[in-house]
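Please read these numbers as outputs of a predicted model, since none were measured by experiment.
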Amino acid sequence: MRTFSTKKLQFTVIFLLIMIVATGAIALATGSASLPISRILPALAGDGTYKEQFILFDLRLPRLIITFLAGMALAMSGAVLQGVTRNDLADPGIIGINSGAGAAVAVFFLFFPLEAGSFIYTLPLVACVGGLLTAGLIFLFAYKRGQGFQPVKIVLSGVGFAAALSGVMVVLLSGADSRKVDFISKWIAGSIWGTDWPFIWALLPWIIILFPFIWLKAHRIDLLGLGEPTAVGIGVSVTRERAALLIAAVALASAAVSVTGGIAFIGLIAPHIAKSIVGPRAHSYLPVSILFGGWMLLVADTIGRNVALPDGIPAGTVAALIGAPYFVYLLMRK
């Protein structure tokens with residue numbers, strides 16, 4: 001059985017990698033300025049024309065990388081949240097964490113102007129602070145002494161906080177400069193705006209540090225998913241492990257949306273699909289989740305860019321069109 005599961009995991013990972021490469025090739029080739037797929041490899045090798053090099057390295061490739069990394073981060077965040085809270089509906093976008101990060105980004109952008117270079121690298125930190133504060137309040141409202149987190153209360157509290165923070169952002173935008181309003185509006189819609197190489201370097205350290213940390217804690221996620229009494233009986237320091245994993249999940253989601261905008265449902269769908277394919281063990285479903293999440297956001301952004309040229313549709317909107325029906329289905333089933 002274990003050999004079969006291992007082969008299934010390997011096959012799934014290989015399949016997803018093939019789909020990611022294929023989608024990436026389509027993403028690089030399509031858009032307002034076309035680039036033949038046959039010219040992608042020569043251009044990557046430095047053999048392309050000036051136009052091909054510009055389209056590839058200045059426009060398409062950094063956007064592709066940032067989209068894929070953000071999708072991976074959101075999927076990992078959702079997988080951890082679902083495992084630690086034992087709530088199958090947990091997603092950083094649905095339960096309000098992204099809204100908290102967005103409110104912090106809006107306040108920072110409107111009232112603390114910085115030079116472009118400093119702004120890019122400070123943004124994930126600001127979003128992380130906003131996400132952590134919001135998550136702390138949500139989980140405080142959803143926690144019941146002796147029983148742990150109440151799954152339904154997590155969703156209801158998160159939706160409530162998201163609505164309240166959306167109102168706060170409307171108030172903030174009402175008296176802001178039109179250019180800043182335009183930026184925040186695009187951020188709320190989930191438009192991939194951080195499409196230059198510095199945004200990749202701003203997001204990458206969070207992934208490099210937090211992915212291995214979560215992977216090393218994968219067994220703890222399985223134990224916490226069994227429930228607090230069981231985990232305590234096995235000898236797990238529930239409060240410490242849960243806090244560390246929640247902070248890592250919130251930090252990942254906040255850093256991702258700080259450069260991509262408010263994107264929901266990636267962290268909801270990816271872990272569910274992964275678990276349905278390779279099973280409920282964290283060591284199996286985490287790698288599948290992150291690959292599927294990165295691929296899903298890449299597909300959403302590629303569709304959005306090419307559906308309504310020249311402006312396109314925000315990736316967050318496309319992801320919502322895919323994820324909202326799935327969320328309703330889970331809500332009814334659970």
Side-chain angles (χ1 to χ4, degrees), residues 20 24 27-28 31-33 35 40 43-44 46 48 50-77 92 98 101-131 177 179-212 248 250-263 266 290 293-294 297-298 300-302 304-305 311-312 314-316:
I20 289 165
L28 292 175
S32 55
L35 175 67
I40 292 176
L44 285 172
Y50 173 79
K51 179 184 175 182
E52 290 170 344
Q53 297 274 5
F54 177 77
I55 291 173
L56 188 64
F57 289 102
D58 288 13
L59 300 179
R60 304 266 170 83
L61 191 57
R63 184 184 184 114
L64 182 151
I65 294 173
I66 202 72
T67 301
F68 183 67
L69 291 177
M72 291 173 65
L74 290 170
M76 178 68 95
S77 176
N98 289 359
V105 168
V107 170
F108 180 69
F109 183 68
L110 293 173
F111 301 109
F112 298 93
L114 291 174
E115 293 182 1
S118 305
F119 178 78
I120 291 170
Y121 295 100
T122 309
L123 209 55
L125 287 170
V126 173
C128 184
V129 171
D177 179 79
R179 289 174 299 177
K180 293 186 176 182
V181 170
D182 184 57
F183 167 79
I184 298 297
S185 299
K186 288 182 178 179
W187 190 98
I188 293 172
S191 178
I192 308 292
W193 69 275
T195 56
D196 294 326
W197 292 101
F199 291 97
I200 297 172
W201 313 135
L203 177 59
L204 202 56
W206 297 78
I207 291 176
I208 291 174
I209 293 171
L210 294 175
F211 270 30
V250 172
L252 270 177
S254 301
V257 300
S258 71
V259 296
T260 60
I263 294 173
I266 299 293
I290 61 176
L297 189 55
L298 192 57
D301 184 53
T302 304
R305 282 195 302 108
D311 295 329

message = Looking at T302 and L298, would you say the former's side chain and the latter's main chain have a donor-acceptor pair under 3.5 Å?
response = yes
remark   = Between I207 and P212 the two heavy atoms that sit nearest each other are O-CD, 3.7 Å
ask   = When rounded to the nearest 0.5 angstrom, what distance separates CD1 in I55 from OH in Y50?
value = 10.5 Å
ask   = Is there a donor-acceptor pair under 3.5 Å between the side chain of N98 and the backbone N or O of I263?
value = yes
key: Within residues 197-207 or reaching into it, pairs that qualify as side chain to side chain donor-acceptor pair (under 3.5 Å) - sequence neighbours excluded   = none
ask   = How far does CG of L28 sit from CG of L35, to the nearest 0.5 angstrom?
value = 7.5 Å
task = Working to the nearest 0.5 Å, report the span between CG of L252 and CG of L203.
result = 8.5 Å
key: Rounded distance [0.5 Å steps], OG1 in T260 versus CG in L297   = 6.5 Å
Heavy-atom closest pair, residues F57 and A43 = CE1-O, 3.4 Å
Please set out all donor-acceptor pairs under 3.5 angstrom arising from side-chain atoms of residues 63-70, sequence neighbours excluded.
unit_1 : atom_1 : unit_2 : atom_2 : d
R63    : NE     : D301   : OD1    : 3.4
R63    : NE     : D301   : OD2    : 2.9
R63    : NH2    : D301   : OD1    : 2.8
T67    : OG1    : R63    : O      : 2.7

remark   = Shortest non-hydrogen pair, P92 vs A253, comes out as CB-CB, 3.5 Å
request  = Check the pair I200 / V259 against side chain to side chain contact (heavy atoms under 4.5 Å, CB included), numbers first and verdict last.
outcome  = CA-CA 9 Å; I200 297 172; V259 296; over 6 Å; no
message = How close do V105 and A127 get, counting heavy atoms only, and between which atoms?
response = CG2-CB, 3.9 Å
task = Return yes if some donor-acceptor pair links the side-chain N/O of S258 with the main-chain N/O of A255 below 3.5 Å, else return no.
result = yes
inquiry  = Let me confirm one number: the CZ-CD1 distance from R60 to I40, rounded to the nearest 0.5 Å.
reply    = 9.0 Å
inquiry  = Please give me the minimum heavy-atom distance between D58 and P62, naming the atom from each residue.
reply    = O-CG, 4.0 Å
Which atom of A315 lies closest to which atom of A300, heavy atoms considered = O-CB, 3.8 Å
